[in-house]
Q: 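Below is a structure I'd like to ask you about.
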4 protein chains.
Amino acid sequence: MREKIINTSIALFGAHGFRETSIEDITKELGVTKGTFYYYFTNKEDVLMHIHLRFIEGLLEQQKAILDNQSKTNQEKLHDNVQMVIRNIRNGVQSAKVFFREMKHLNEHHTSKVLPKRHEFQRNIQGIIQRGIDEGEFRRDLRADMLSFAVLGVANWSYFWFEPDGEVSEDQLTDIYMRMIIEGIQTKGGEIDE
Amino acid sequence: MREKIINTSIALFGAHGFRETSIEDITKELGVTKGTFYYYFTNKEDVLMHIHLRFIEGLLEQQKAILDNQSKTNQEKLHDNVQMVIRNIRNGVQSAKVFFREMKHLNEHHTSKVLPKRHEFQRNIQGIIQRGIDEGEFRRDLRADMLSFAVLGVANWSYFWFEPDGEVSEDQLTDIYMRMIIEGIQTKGGEIDE
Amino acid sequence: MREKIINTSIALFGAHGFRETSIEDITKELGVTKGTFYYYFTNKEDVLMHIHLRFIEGLLEQQKAILDNQSKTNQEKLHDNVQMVIRNIRNGVQSAKVFFREMKHLNEHHTSKVLPKRHEFQRNIQGIIQRGIDEGEFRRDLRADMLSFAVLGVANWSYFWFEPDGEVSEDQLTDIYMRMIIEGIQTKGGEIDE
Amino acid sequence: MREKIINTSIALFGAHGFRETSIEDITKELGVTKGTFYYYFTNKEDVLMHIHLRFIEGLLEQQKAILDNQSKTNQEKLHDNVQMVIRNIRNGVQSAKVFFREMKHLNEHHTSKVLPKRHEFQRNIQGIIQRGIDEGEFRRDLRADMLSFAVLGVANWSYFWFEPDGEVSEDQLTDIYMRMIIEGIQTKGGEIDE
DNA sequence: GATGAATGAGTGTTCATTCAT
DNA sequence: AATGAATGAACACTCATTCAT
């Protein structure tokens with residue numbers, strides 16, 4: 001039941017928003033009464049926090065697996081990160097929407113639980129880039145912190161427009177994005193002039 | 001007064017969200033009564049739509065000036081677009097937050113007024129990229145549509161984290177982003193091997 | 001303008017009710033602003049009272065002409081009264097609706113101006129019946145007061161269902177009603193047995 | 001509680017009108033909060049419809065019992081109908097007031113539930129009269145449809161003025177009304193002249 | 001004569017939350 | 001583990017009315 005409530009909440013929060021979804025919307029969908037909700041969760045925000053935690057912890061876990069893989073270059077790790085984010089957004093658009101849009105509804109206490117993990121995720125990407133710079137894979141003249149935001153922007157923004165059933169698959173999209181990020185979009189000819 | 005209401009609404013919607021801001025919050029801030037609000041706007045959504053329209057129409061206007069400039073290369077036009085978006089977000093973070101997060105509160109009729117303009121903005125960027133490809137400025141093996149989303153992701157995402165008073169200026173940020181987008185982040189040495 | 005406001009008010013109060021009609025509804029219909037309304041009337045109820053007064057005073061005036069006619073029998077006077085009421089309702093259904101349904105919105109002071117006239121109208125009909133009884137035209141075993149309510153009920157109720165464009169004319173209707181009231185609906189054969 | 005809310009609503013709607021009665025008026029009278037009202041009814045109109053339905057369905061039920069009685073003449077059935085209407089109005093003046101005055105507040109959907117029943121009630125009376133005509137009880141030269149409106153007008157109008165504690169009882173009133181309707185108010189001598 | 005801006009009290013409705021059972 | 005009744009605070013919106021111009 002706990003699980004059911006969370007999943008229904010994700011669907012409804014994602015589709016209509018946190019404030020726009022009432023406890024009754026959730027319980028009606030499940031065929032139970034409001035009391036049931038309060039048996040499993042202390043309040044509405046409680047579910048929201050679980051959705052946030054589940055999402056970011058899932059990302060961090062997958063990110064950890066990528067980071068721990070010693071055999072890959074930083075470029076490959078960056079690729080895997082982008083691919084993983086896109087895959088997660090595609091598989092759980094509603095979760096992603098809740099994650100990106102509805103954080104302001106967490107109170108200070110809950111925010112202090114979620115925000116550090118969000119930062120950790122970003123800093124891990126920054127770390128990959130920095131190491132790439134240090135090890136000569138990536139150019140020195142760009143800041144790793146800003147680039148991490150750029151990479152995240154590219155990947156995360158897909159929650160805004162990506163249609164799971166669209167003609168472009170998540171792998172194709174990752175490929176295009178990574179070519180841009182790694183190689184740039186200008187023609188090689190353009191480089192001759194440099 | 002109309003103007004005052006819009007500006008206060010931007011500030012409050014941006015800071016706390018559309019649903020979280022009550023009409024009374026707005027009017028109290030202005031030292032007028034609720035009736036005044038309804039004298040100038042038919043309802044809450046009405047202000048929201050004006051905020052949306054004003055923002056996107058501002059972007060489109062600036063974009064038009066960039067597009068109309070015959071003397072610039074596509075690369076330069078892309079640069080100007082990114083710079084312009086970042087500048088707009090920086091100068092009106094709250095407007096941007098409302099614009100990116102609170103569109104679901106527009107009804108169908110209002111959405112049909114705003115959405116086409118959002119698409120127009122994106123397609124114009126896509127157009128620059130496509131022309132860059134056709135004219136040999138940009139590589140042929142990447143899709144212009146997906147790249148436009150990538151560029152928008154990079155630029156727009158800054159509304160999520162950019163601090164106007166931070167150490168990085170909008171021009172520095174634009175520069176870093178554009179170098180990544182145009183040239184890629186890998187070292188030149190890497191290209192030698194290709 | 002005063003006249004225009006009254007007429008528009010009759011139309012709107014009749015169609016949607018007093019409370020359901022806003023001052024703005026009235027002034028919008030006339031293409032003027034709310035201020036104009038308050039230039040001609042002290043408040044909303046003020047118009048309502050004028051509608052009431054105009055209607056009942058019109059009825060009383062016409063009734064006076066009927067009563068003053070010395071050459072007619074009481075039966076004929078009753079007939080003329082019924083005919084007159086039906087004609088008035090037909091010619092001003094909206095006025096009639098306001099008159100019968102919206103008196104509760106008058107305050108005590110206004111009620112004390114209108115109510116006595118309504119009573120006067122009813123008592124005048126009662127007077128005709130009573131004189132008819134006294135002069136041997138009408139039967140003695142029925143109470144004039146109750147009969148006046150019966151006659152009024154028959155005539156007034158038409159405001160509830162009468163369609164001005166219906167197949168039955170006001171004269172036909174008056175004829176049927178008066179035959180019932182004067183002669184009753186049973187067959188004459190029934191009277192033979194008495 | 002549902003029942004309590006309905007009864008209080010009848011009392012208040014009847015005394016002051018539907019629009020003039022606020023939900024708070026109702027709940028305050030019952031010593032509960034507004035929320036309670038909305039637990040039992042979806043909105044204000046919802047109660048109104050139940051009042052309407054209860055009233056008209058009560059009338060139809062009683063009318064059915066009268067119609068089904070094979071041993072009575074049409075004249076007697078008409079009598080019973082009039083008596084029944086007057087009794088209902090007397091026992092529930094407030095219900096009657098709501099029923100006759102506040103139907104415009106029902107929306108289209110609700111109206112379509114109530115109106116057919118009102119028509120059914122009228123047509124049943126028309127049916128009694130028509131059968132009376134066909135079977136020779138009532139005169140042929142008057143239209144059954146118009147007469148049904150006349151009878152209803154006589155009986156219904158009592159909601160407008162009838163005082164339950166007045167000197168005239170409902171049976172006396174029925175008697176006077178029925179004599180008028182059946183026999184007419186003119187003296188037998190008057191008929192000699194015909 | 002008429003306008004436009006502003007008021008302020010009121011009203012229907014929503015909804016997260018509580019709690020006895 | 002779940003229900004159903006009840007709460008109470010909040011909120012969007014309406015509208016009669018005022019008044020300086």
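Numbered from 1 within each chain, the chains take letters A, B, ... in sequence-line order. Hydrogens, waters and symmetry mates play no part in the numbers below; they use all other heavy atoms, side chains included.
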Q: Go through the structure and list residues passing side-chain hydrogen bond (donor to acceptor under 3.5 Å, both in side chains) with D:Asn88, not counting sequence neighbours.
A: D:Gln62

Q: Mind calculating the distance between NZ (A:Lys4) and P (F:dA1) to the nearest angstrom?
A: 13 Å

Q: Restricting to side-chain hydrogen bond (donor to acceptor under 3.5 Å, both in side chains), what partner residues turn up for B:Lys104, sequence neighbours left out?
A: A:Glu102

Q: Flag this pair as yes if the NZ/CZ of A:Arg118 is under 6.0 angstrom from the six-membered ring centre of A:Phe99 and inside a 45 degree cone about the axis; otherwise no.
A: yes

Q: Which whole-number value in Å describes the distance from B:Phe41 CZ to E:dA6 P?
A: 12 Å

Q: Just how far, in rounded Å, is C1' of E:dT11 from CG of D:Leu12?
A: 15 Å

Q: Both D:Val32 and C:Glu20 contact DNA chain F. Which one's nearest nucleotide lies toward the 5' end?
A: D:Val32

Q: So, does B:Thr33 get its side chain near the phosphate of E:dT7, meaning an N or O under 4.0 Å from OP1 or OP2?
A: yes

Q: Listed by chain and number, what are the side-chain hydrogen bond (donor to acceptor under 3.5 Å, both in side chains) partners of C:Ser22, not counting sequence neighbours?
A: C:Asp25

Q: Closest nucleotide of DNA chain F for C:Asp25 versus for D:Tyr40: which of these residues is on the 5' side?
A: D:Tyr40

Q: Any side-chain hydrogen bond (donor to acceptor under 3.5 Å, both in side chains) involving residues 2-12 of chain A? Give me the pairs, sequence neighbours left out, ordered by first then second residue.
A: A:Arg2-A:His50, A:Glu3-A:Arg54

Q: Which residues pass the salt bridge (Lys or Arg N to Asp or Glu O under 4.0 Å) test with C:Lys113, sequence neighbours left out?
A: none

Q: OP1 or OP2 of E:dA6 less than 4.0 angstrom from a side-chain nitrogen or oxygen of B:Tyr39, does that happen here?
A: no

Q: Let's test your reading of the pairing rules: Watson-Crick or G-U wobble, both distances under 3.5 Å, then write DNA chain E as a dot-bracket string with ( ), [ ], | and dots.
A: .||||||||||||||||||||

Q: With A:Glu45, which residues qualify under salt bridge (Lys or Arg N to Asp or Glu O under 4.0 Å), at least two apart?
A: none

Q: Report the distance from atom CZ of D:Phe160 to atom CG of C:Asn156, rounding to the nearest 0.5 Å.
A: 7.5 Å

Q: Provide the full list of side-chain hydrogen bond (donor to acceptor under 3.5 Å, both in side chains) pairs with a residue in residues 92-101 of chain A, sequence neighbours left out, each pair given once.
A: none

Q: Between P on F:dA2 and NZ on A:Lys28, what's the gap in Å once rounded to a whole number?
A: 19 Å

Q: For nucleotides 16-19 of chain E, tabulate all protein N/O to nucleotide N/O atom pairs closer than 3.5 Å, reporting atom names and distance.
A:
| unit_1 | atom_1 | unit_2 | atom_2 | d |
| --- | --- | --- | --- | --- |
| E:dA16 | OP1 | A:Lys44 | NZ | 3.0 |
| E:dA16 | OP2 | A:Ile23 | N | 2.8 |
| E:dT17 | OP2 | A:Tyr38 | OH | 3.0 |
| E:dT17 | OP2 | A:Lys44 | N | 3.0 |
| E:dT17 | O4 | A:Lys34 | NZ | 3.3 |

Q: Does C:Thr36 put a side-chain nitrogen or oxygen below 4.0 Å from OP1 or OP2 of E:dT3?
A: yes

Q: Roughly how many Å is it from CG in C:Leu30 to C1' in E:dA2, rounded to a whole number?
A: 13 Å

